Amino acid sequence: MTLTEALAARFGRHGGALAVGGIGVERLAARVGSTPFFAYDRALVADRVAAVRGALPAGIHLSYAVKANPMPALLQHLSGLVDGFDVASGLELRAALDTGVRPTAVSFAGPGKTTAELAQAVAAGVTVELESELELARVRAAAAEAGVAARVAVRVNPDFAVRGSGMRLGGGPQQFGVDAERVPELLATMGAMGDSDLEFQGFHVFAGSQNLRAEEICEAQRRTVDLVLALAEHAPAPVRYVNVGGGFGIPYTARDTALDLAPIGENLAKLTEVVAAGLPGARIAVELGRYLVGEAGVYVTRVLDRKASRGKVFLVVDGGLHHQLAASGNFGQAIRRNYPIAVANRVDDPAGARVSVVGCLCTPLDLLGDDVELPAADVGDLIVLFQAGAYGLTASPTAFLSHPAPVEVLV
């Protein structure tokens, strides 16, 4: 079974067409009222969270990284499934708190937080992940202004990198976090302040993302715990929070192999014992975004034209890279590869000739499927791109050429 076939089977069928949330894609398009659109299957999200819960040891704090997909309805759904949220902007913070999640279960990470955002976070009572010495000073000022103690943790730029990651966030110069060798000095500064403006929580170490190799993730977690245990000796207060990051990847191409959660769970069970012995009272947090929602989403776009050009057939659709930048290959990929793609209303039909699926923008970069084998498709048919639940709409240049924004639905 190909990756596309496996993904289509996970969503299911209705009347011979792909279904999302049990609704056939043609009917769903009519319900939405227009194409293109994103659709997220709430049952698949719940199933994925349950699978992660089942694989990880009891007591692990499971946090959702809102940047993966901040759709309000999706956040509301997830708020009843996970233990907390990680946000990266003031708007994400507001969206997270609108769900009713406890502020103490929200962390705020990311470089370049504005003074206003820090004041917002301190007033809300969320944990601010400090990314620099200057940010510490700004948080203290915000706490003094608000008259409340600021919950803080230190985001550490580790002295190791994670092999196999799509994006490495450690092992060299980074705009993220405080270099591991500089953290003791920062902690000493916090300890010397001797005031009630800060409530130190612990550490956040995130070394890489989009990793499909379980052993590499396990190694990163082991090294993260070793690093945190060493840094904890300099902490101004007992460590209560150890965020080991996430980095769990999902398959986007036929050459990718799905991540095996079992060894990661076994590894974390051992590390939980290590942390309990060295840092009594500390909880381990795992922060996942793409892994929880990426495979539960699809992007649906309709064929506007079928044209031939010098021996090549193009299906021109009403969507494109302005909604799905990553699928077009223009989101940092060194080598462009096709995302899983299908004709949604003819998902079980046999493949026909090779075609290229292109968007409606005035650039040759607007390519959603390059030389792919699809069932015979023509004007009016619906094309679906899988793995669209994370880093789709909000990671794309939606204002390019001023086309209307697509609708997002949770079904």
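All values below come from the heavy atoms of this structure, side chains included, with hydrogens, waters and symmetry mates left out. None of the values given here were measured: they were computed from a predicted structure.
- Within the 4.5 Å cutoff, the side chain of L368 has no heavy atoms near those of the V358 side chain.
- Closest non-hydrogen pair, A342 versus L374, comes out as CA-CD2, 3.9 Å.
- Put simply, NE2 on H323 and CG on D318 are 8.5 Å apart, with the number rounded to the nearest 0.5 Å.
- Shortest non-hydrogen contact noted between V293 and L74 is CG1-CD2, 4.0 Å.
- Using a 4.5 Å heavy-atom cutoff, the side chains of V178 and L130 are not in contact.
- Relative orientation of the F11 and F386 rings is tilted, given thresholds of 30° and 60° on the angle between their planes.
- Using a 4.5 Å heavy-atom cutoff, the side chains of P103 and L97 are in contact.
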Practice task
Starting from the C-alpha separation in whole Å, work towards a yes-or-no answer on side-chain contact (heavy atoms from CB on, under 4.5 Å) for V343 and L382.
Solution key: CA-CA 6 Å; V343 181; L382 295 171; over 6 Å; no
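- Contact of the V225 side chain with the V275 side chain is registered, since non-hydrogen atoms from C-beta on lie closer than 4.5 Å.
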Practice task
Kindly indicate, with the supporting measurements, whether the criterion side-chain contact (heavy atoms from CB on, under 4.5 Å) is fulfilled by D370 and S356.
Solution key: CA-CA 5 Å; D370 184 25; S356 288; 3.5 Å; yes
Exercise for the section: List the steps and the verdict of side-chain contact (heavy atoms from CB on, under 4.5 Å) for M190 and V152. Expected result: CA-CA 10 Å; M190 294 171 64; V152 298; 3.7 Å; yes
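- Of the charged side-chain nitrogens involved, none lies within less than 4.0 Å of a carboxylate oxygen, so that K270 and E273 do not count as a salt-bridged pair.
- Checked by atom type and distance alone, the side chain of E92 never pairs as donor or acceptor with a backbone atom of V87 at under 3.5 Å.
- Side-chain atoms of R13 come within 3.5 Å of backbone N or O of A8 as a donor-acceptor pair.
- Side-chain contact annotation: N211 with E216, donor-acceptor N/O pair under 3.5 Å absent.
- Here L268 contributes atom CG and C218 contributes atom SG; the two are 7.0 Å apart, rounded to the nearest 0.5 Å.
- V49 has its side chain out of reach of Y64: every pair of non-hydrogen atoms, C-beta onward, lies at least 4.5 Å apart.
- Put simply, the side chain of T301 gets close to the backbone of G319: a donor and an acceptor are under 3.5 Å apart.
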Exercise for the section: Determine, step by step, whether H234 and V183 satisfy the side-chain contact (heavy atoms from CB on, under 4.5 Å) criterion, reporting the C-alpha distance in whole Å, the side-chain angles of both residues, the deciding distance to 0.1 Å, and the verdict. Expected result: CA-CA 9 Å; H234 306 274; V183 170; over 6 Å; no
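- The side-chain hydrogen bond (donor to acceptor under 3.5 Å, both in side chains) analysis of residues 395-405, with sequence neighbours excluded, yields no pairs.
- Put simply, the side chain of Y252 does not reach to within 4.5 Å of the side chain of L3, judged on heavy atoms.
- For the ring pair (Phe, Tyr, Trp, His ring centres under 6.0 Å) condition, the pairs that include at least one residue of residues 29-56, sequence neighbours left out, are F38-Y299.
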Tabulate below the donor-acceptor pairs under 3.5 Å that side-chain atoms of residues 302-313 make, not counting sequence neighbours, or state none.
residue, atom, partner, partner atom, Å
R302, NH1, G380, O, 2.7
R306, NH1, A377, O, 2.6

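- Donor-acceptor pairing under 3.5 Å is lacking for the side chains of T253 and R255.
- With a 4.5 Å cut-off on side-chain heavy atoms, V239 and Q201 do not count as touching.
- Each of V244, V154, L279 was evaluated against V228; a single residue qualifies, L279, per the side chain to side chain contact (heavy atoms under 4.5 Å, CB included) test.
- Under the salt bridge (charged side-chain N to carboxylate O under 4.0 Å, His left out) criterion, the residue pairs touching residues 29-52 are R48-E295, with sequence neighbours excluded.
- Taking CD of Q221 as the start and CD of E219 as the end, the distance is 10.5 Å to the nearest 0.5 Å.
- Contacts classified as salt bridge (charged side-chain N to carboxylate O under 4.0 Å, His left out) and involving residues 50-60 (residues at least two apart or in different chains) are given here: R53-D83.
- Between atom CG of residue L227 and atom CZ of residue F203 there is a gap of 8.0 Å, rounded to the nearest 0.5 Å.
- Enclosure of atom CD in E215 by more than 12 non-hydrogen atoms of other residues, nucleotides or ligands within 6.0 angstrom is indicated.
- Among all heavy-atom pairs drawn from V156 and P158, the shortest one is O-CD, 3.1 Å.
- The shortest distance between side-chain heavy atoms of F400 and T363 falls below 4.5 Å.
- Other residues, nucleotides and ligands place no more than 12 heavy atoms under 6.0 Å from the CZ atom of R182.
- Minimum interatomic distance between V101 and G84 (heavy atoms only, all atoms of both residues): CG2-CA, 4.4 Å.
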Solution key, residues 18-28 side-chain donor-acceptor pairs under 3.5 Å, sequence neighbours excluded:
none

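- Side-chain contact annotation: D179 with N157, donor-acceptor N/O pair under 3.5 Å present.
- Enclosure of atom NE2 in H77 by more than 12 non-hydrogen atoms of other residues, nucleotides or ligands within 6.0 angstrom is indicated.
- At a threshold of 4.0 Å, the pair R151-E129 does not count as salt-bridged, since none of the basic side-chain nitrogens sits closer than that to a carboxylate oxygen.
- The closest donor-acceptor contact from the side chain of N243 to the backbone of V205 lies at 3.5 Å or more, if one exists at all.
- Smallest separation of non-hydrogen atoms from L401 and C362: CD1-N, 3.3 Å.
- Checked by atom type, the side-chain pair S63/D86 shows no donor-acceptor distance below 3.5 Å.
- Closest heavy-atom contact between A95 and L75: CB-CD1, 3.8 Å.
- For the atom pair CG (L136) and CG (D197), the distance works out to 10.0 Å, reported to the nearest 0.5 Å.
- Panel note: side chain R240, backbone A282; no donor-acceptor pair is recorded below 3.5 Å.
- Once rounded to the nearest 0.5 Å, the distance linking CD of E135 with CZ of R140 reads 14.5 Å.
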